[in-house]
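Presented below is the structure to which this report refers.
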Amino acid sequence: MTGRPTLNQRRRDATRLEIARTAAALFAEQGAESTTAEEIALAAGISLRTFYRYFSVKEDAVAPLLAAGGRQWVDQLADSPDDLPLREALERAAVASLTPPDEAGAEMMQWTRSLLRDPRLEGTWQRVHADSEERLRAVLAERCPRGTDPLEIRLAAAAATAAIRVALEQWATSDAPATGPGSPQDLGARCMRELTAGLRLWGRVS
């Protein structure tokens, strides 16, 4: 689908995100293992049948929430100026997406920390990042000159996505705040610089 999403699609996306927020709050409070799909549906004000129309298993209910930051990061990269060096654009977009814009964003970041500490959600987390890598690869390909080696684009997408994943996972294991030293944006900038430093792609694009 191209262009602006339809009204029905926007409603479905909004419903999925509301369920995700509800599931995240419950998982953060009592853990994914102790939370049932019935509890999520009840707290979200939907039927269990509706819940399973959106998610096949309860663990995947938080996927839209975990994926939101990745989508924001890739969208910001896509909107960055064409004359900005690609490696710098990647780091700026990563830092911006990992910086809570307001109190609600800070709360969502704390939910993310709780979710990343839950081993039952590891599979969902890995799938979210695999999807993010695919989206990033497409954006990188659009910014690269025609004839750029697809392997170099893929390596750049994998390294950049890994930088975000490692930064968030490292932060989740610590007691560092959501902003400042040791925060996701602090670790994200460091990981992005170190994991992408040796890529040949940067020598082929401005």
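Here the structure is a predicted model, which is why all the values come from computation and not from measurement.
Between L121 and A32 the shortest heavy-atom distance is CD2-CB, 4.0 Å. The minimum heavy-atom distance linking A37 with Y52 is given by the pair CB-OH, 3.4 Å. Of all heavy-atom pairs spanning A176 and P181, the tightest one is CB-O, 4.2 Å. What you find for Q76 and A96 is that their closest heavy atoms are OE1-CB, 3.4 Å. Q185 and S183 make their closest contact through OE1-OG, 3.0 Å (heavy atoms, listed as atom of the first residue, atom of the second, distance). Looking at every heavy atom in both residues, L195 comes nearest to A162 through CD1-C, 4.0 Å.
How far CD of E59 is from OG1 of T35: 9.5 Å, rounded to the nearest 0.5 Å. Expressed to the nearest 0.5 Å, how far OG1 of T173 lies from CZ of R113 amounts to 8.5 Å. Atom CH2 of residue W111 and atom CG of residue L65 lie 7.0 Å apart, to the nearest 0.5 angstrom. A distance of 10.5 Å separates CG in L66 from CZ in R71, rounded to the nearest 0.5 Å. Note: R12 CZ to R16 CZ = 10.0 Å, rounded to the nearest 0.5 Å. In this structure, SG on C144 lies 6.0 Å from CG on L86, to the nearest 0.5 angstrom.
Looking at L98 and L168, their side chains come closer than 4.5 Å, going by heavy atoms from C-beta outward. The side-chain heavy atoms of W202 and L90, taken from C-beta on, include a pair separated by under 4.5 Å. Inter-residue side-chain proximity for L201 and L155 is flagged as unmet; no heavy-atom pair is nearer than 4.5 Å. The shortest side-chain heavy-atom distance between W171 and D186 does not fall under the 4.5 Å cut-off. When side chains are defined from C-beta on, L84 counts as touching R92, because their heavy atoms get closer than 4.5 Å. Taking 4.5 Å as the limit, some side-chain heavy atom of I153 sits within range of a side-chain heavy atom of R137. Side-chain contact check for F51 versus L42: every heavy-atom pair is 4.5 Å or farther apart. Residues I164 and M192 are in side-chain contact: their nearest non-hydrogen atoms beyond the backbone lie under 4.5 Å apart.
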Test side-chain contact (heavy atoms from CB on, under 4.5 Å) on V166 and L187; report intermediate values, then the result. CA-CA 8 Å; V166 170; L187 295 174; over 6 Å; no
Test log, rule side-chain contact (heavy atoms from CB on, under 4.5 Å), inputs D60 and Y54: CA-CA 9 Å; D60 283 349; Y54 287 97; over 6 Å; no
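No more than 12 heavy-atom neighbours from other residues, nucleotides or ligands sit within 6.0 angstrom of CD on E33. Enclosure of atom CG in D175 is not indicated, since only 12 or fewer non-hydrogen atoms of other residues, nucleotides or ligands lie within 6.0 angstrom. No more than 12 heavy atoms of other residues, nucleotides or ligands shown are found within 6.0 angstrom of CD on E122. Heavy-atom contacts from other residues, nucleotides or ligands closer than 6.0 Å to CZ of R120 number more than 12.
R200 and D149 are not joined by a salt bridge, as no carboxylate oxygen comes within less than 4.0 angstrom of a charged side-chain nitrogen.
By the criterion of side-chain heavy atoms lying less than 4.5 angstrom apart, applied directly or through intervening Ile, Leu, Val, Met, Phe, Trp or Tyr residues, V95 is not grouped with M109; the two fall into different hydrophobic clusters. Cluster annotation: V57 and L17 are assigned to distinct hydrophobic clusters (Ile/Leu/Val/Met/Phe/Trp/Tyr, side-chain heavy-atom contacts under 4.5 Å, transitive).
The closest donor-acceptor contact from the side chain of E39 to the backbone of T36 lies under 3.5 Å. Looking at T161, its side chain never comes within 3.5 Å of a backbone N or O of A158 through a donor-acceptor pair.
Defined by atom type and a distance below 3.5 Å, a donor-acceptor pair is present between the side-chain atoms of S80 and R143.
Between W125 and H129, the two ring planes are perpendicular [angle over 60°; tilted spans 30° to 60°].
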